[in-house]
Amino acid sequence: MTTDIVTVTRGSSPLILSMPHPGTALPPEVAAQLNERGKLVEDTDWHMRRLYGFAAPFQPTIVEAQLSRFVIDLNRDPAGVSLYPGQATTELVPSTTFDGAPIWQNAPDATEIERRKVAYFQPYHQALAAEIARVKAEHGYCVLWDCHSIKSEIPRLFEGTLPTLNLGTNSGESCAPGVERAAVAAMAGQPFTQILNGRFKGGWITRHYGRPFAGVHALQMEIALSAYLTEEAAPWAFDATKAASLQIALSAIIEAALGAAAALERSRS
């Protein structure tokens, strides 16, 4: 299924790859309100489909957003509540880039934000929720892997250089302990800097859908763009040589999480 808002590619396994931020499309009425900086849509999770091409043997379902996060951020609480109280972040409809640069000529008001929730936020989440329900019905459980990437240095959001691999499980609440342990053990064997539940412990998707007691194990992976782009700047070119070792690492981590989730399901049956 493909629309202007979301593309769903159905697979046959318990794995769902959620990609809320790779889109660069701007509806005309939104583009007209952005300033020149905003129209660059620089805070995109670049090349997610290509990066996760390695996952094809897992036969995942992929739910991929087509619109830029500047339209509305699909990984923020729709109630507007901050996911990281006391820390710098961007809003449901971002007012700035990650580094604090304004992006609007005419900032959207509350009425416009509500319109975007209905027009753009809800369709993505309706599609994602439907796929989670389908996968659970078929397999009895689901591993939801939320795919993200970000610049490795953004002083407004974090100090220093971000680890390459940032695994988030909402401090252990969004997946079963065994699934987290397996993913962390697999990650520990990879030649990349890494952290569990650091600056990025999981956004709204991880927190909202992760229900391990109901068989939905959600994990967020935030990746430093430096690990697979030629440089962290336009034209945001994919570097296949860099990406190759990263893809091996991600494959091992996902495989471990899937294995642990499957073992847990077997123990329950």
Check your understanding: With under 30° as parallel and over 60° as perpendicular, where do the rings of F58 and F54 fit, or are they tilted in between?
Key -> perpendicular

Check your understanding: Under the 3.5 angstrom rule, does the side chain of Y124 hit a backbone N or O of Q66 as a donor-acceptor pair?
Key -> no

Review point. Between the side chain of N75 and the main-chain N/O of I205, is any donor-acceptor distance below 3.5 Å?
Key: yes

Check your understanding: Within the side chain of R156, is there an N or O that forms a donor-acceptor pair under 3.5 Å with the backbone of T89?
Key -> yes

Check your understanding: Should F200 and L246 be regarded as members of a common hydrophobic cluster, given that ILVMFWY residues are connected when their side-chain heavy atoms come within less than 4.5 Å of each other, either directly or indirectly?
Key -> no

**Study point:** Test log, rule side-chain contact (heavy atoms from CB on, under 4.5 Å), inputs L51 and F238
**Key:** CA-CA 9 Å; L51 178 63; F238 189 88; 4.2 Å; yes

Practice item. Would you give the length of the straight line joining atom CD of Q220 to atom OG of S174, rounded to the nearest 0.5 angstrom? Key: 9.0 Å

Review point. Quick one: does NZ or CZ of R50 land under 6.0 Å from the six-membered ring centre of Y228, within 45 degrees of the ring axis?
Key: no

Check your understanding: Do K39 and F70 come within less than 4.5 Å of each other through their side chains, counting heavy atoms only?
Key -> no

Exercise for review: Using modelled atom types only, decide if a donor and an acceptor are shared between the side chain of H217 and the backbone of Y141 within a distance under 3.5 Å.
Suggested key: no

Revision key, fill the gap. Nearest heavy-atom approach of A176 to L264 is CB-CD2, 3.6 Å

Check your understanding: Quick one: does P212's side chain get under 4.5 Å of V179's, heavy atoms only?
Key -> no

Review point. Checking S13 side chain against Q59 main chain: does a donor-acceptor pair fall under 3.5 Å?
Key: yes

Practice item. Using the rule that two of Ile, Leu, Val, Met, Phe, Trp, Tyr join whenever any of their side-chain heavy atoms come within less than 4.5 Å, decide whether L225 and F158 are in one cluster. Key: no

Point to revise | Nearest heavy-atom neighbours spanning W145 and M221 | key: CZ2-CB, 3.5 Å

Revision key, fill the gap. Taken to the nearest 0.5 Å, the spacing of N35 CG from L40 CG works out to 8.5 Å

Check your understanding: Under 3.5 Å, side chain of K136 to main-chain N/O of A214, donor-acceptor pair present?
Key -> yes

Exercise for review: For residues L144 and L128, determine if any side-chain heavy atom of one lies less than 4.5 Å from a side-chain heavy atom of the other.
Suggested key: yes

**Study point:** Within-4.5 Å side-chain heavy-atom neighbours: I254 and Y52
**Key:** yes

Check your understanding: More than 12 non-hydrogen atoms from neighbouring residues, nucleotides or ligands closer than 6.0 Å to CG on D99, yes or no?
Key -> yes

Exercise for review: Please step through side-chain contact (heavy atoms from CB on, under 4.5 Å) for the pair I150 and L157, ending with a clear verdict.
Suggested key: CA-CA 11 Å; I150 194 169; L157 298 187; 4.1 Å; yes

Revision key, fill the gap. Rounded to the nearest 0.5 Å, the OG atom of S149 sits from the CG atom of L229 at a distance of 7.0 Å

Exercise for review: State, with a plain yes or no, whether a side-chain heavy atom of M19 is found less than 4.5 Å away from one of D45.
Suggested key: no

Exercise for review: Report yes or no: do V71 and V6 belong to one cluster of Ile/Leu/Val/Met/Phe/Trp/Tyr joined by side chain heavy-atom distances under 4.5 Å?
Suggested key: yes

Exercise for review: Decide whether L167 and V143 are clustered together by the hydrophobic rule: side chain heavy atoms of Ile, Leu, Val, Met, Phe, Trp, Tyr closer than 4.5 Å, transitively.
Suggested key: yes

Check your understanding: Going through the checks in order, is the salt bridge (Lys or Arg N to Asp or Glu O under 4.0 Å) test met by E91 and R76?
Key -> CA-CA 7 Å; E91 308 93 332; R76 295 290 183 269; over 6 Å; no

Check your understanding: Closest heavy-atom contact between C175 and T169?
Key -> SG-CG2, 3.8 Å

Review point. Quick check: does any side chain N or O of H139 sit under 3.5 Å from a backbone N or O of S12, one acting as donor and the other as acceptor?
Key: yes

Check your understanding: Looking only at heavy atoms, what is the nearest atom pair of A186 and I253, with distance?
Key -> CB-CA, 3.9 Å

Check your understanding: When rounded to the nearest 0.5 angstrom, what distance separates CD in E114 from CG in L92?
Key -> 8.5 Å

Review point. Is the backbone N or O of W46 less than 3.5 Å from a side-chain atom of T44, with the two atoms forming a donor-acceptor pair by type?
Key: no

Check your understanding: In terms of the angle between their ring planes, are H125 and Y209 parallel, tilted or perpendicular, with boundaries placed at 30° and 60°?
Key -> parallel

Exercise for review: Return yes if some donor-acceptor pair links the side-chain N/O of T97 with the main-chain N/O of A101 below 3.5 Å, else return no.
Suggested key: yes

Practice item. Group every Ile, Leu, Val, Met, Phe, Trp and Tyr by side-chain heavy-atom contacts under 4.5 Å, then state whether L219 and V135 land in the same group. Key: no

**Study point:** Closest non-hydrogen atom pair, G198 against I195
**Key:** CA-CD1, 3.8 Å

Check your understanding: Would you call R207 and E173 a salt bridge, taking side-chain N to carboxylate O under 4.0 Å as the test?
Key -> no

Check your understanding: Donor-acceptor pair, Q194 side chain versus M187 backbone, under 3.5 Å?
Key -> yes

Exercise for review: Find the distance between CE (M48) and CD (E64) and round it off to the nearest 0.5 Å.
Suggested key: 10.0 Å

Point to revise | salt_bridge(E29, R115) N-O dist < 4.0 Å | key: yes

Review point. Does the side chain of K117 reach to within under 4.5 Å of the side chain of I72, using non-hydrogen atoms?
Key: yes

Review point. So, do R37 and E42 sit near enough that their side-chain heavy atoms are less than 4.5 Å apart?
Key: yes

**Study point:** Derivation and outcome, side-chain contact (heavy atoms from CB on, under 4.5 Å), residues V41 and I103
**Key:** CA-CA 9 Å; V41 295; I103 60 173; over 6 Å; no

Review point. For residues T7 and R49, is any side-chain donor paired with an opposing acceptor at under 3.5 Å?
Key: no

Check your understanding: side-chain contact (heavy atoms from CB on, under 4.5 Å) between R134 and R10: does it pass, once the steps are laid out?
Key -> CA-CA 10 Å; R134 179 186 63 81; R10 283 186 171 173; 3.3 Å; yes

Check your understanding: Are V30 and W104 close enough that some pair of their side-chain heavy atoms sits under 4.5 Å apart?
Key -> yes

Exercise for review: Take H21 and D73 through the side chain to side chain donor-acceptor pair (under 3.5 Å) test and state the conclusion after the steps.
Suggested key: CA-CA 8 Å; H21 296 147; D73 193 328; 2.5 Å; yes

Review point. Roughly how far apart are R69 CZ and D43 CG, rounded to 0.5 Å?
Key: 6.0 Å

Practice item. Apply side chain to side chain donor-acceptor pair (under 3.5 Å) to the pair S171 and N197, showing each step before the final yes or no. Key: CA-CA 6 Å; S171 299; N197 292 316; 4.8 Å; no

Practice item. Quick one: closest heavy-atom pair of R116 and V93, and the distance? Key: NH1-CG1, 3.6 Å

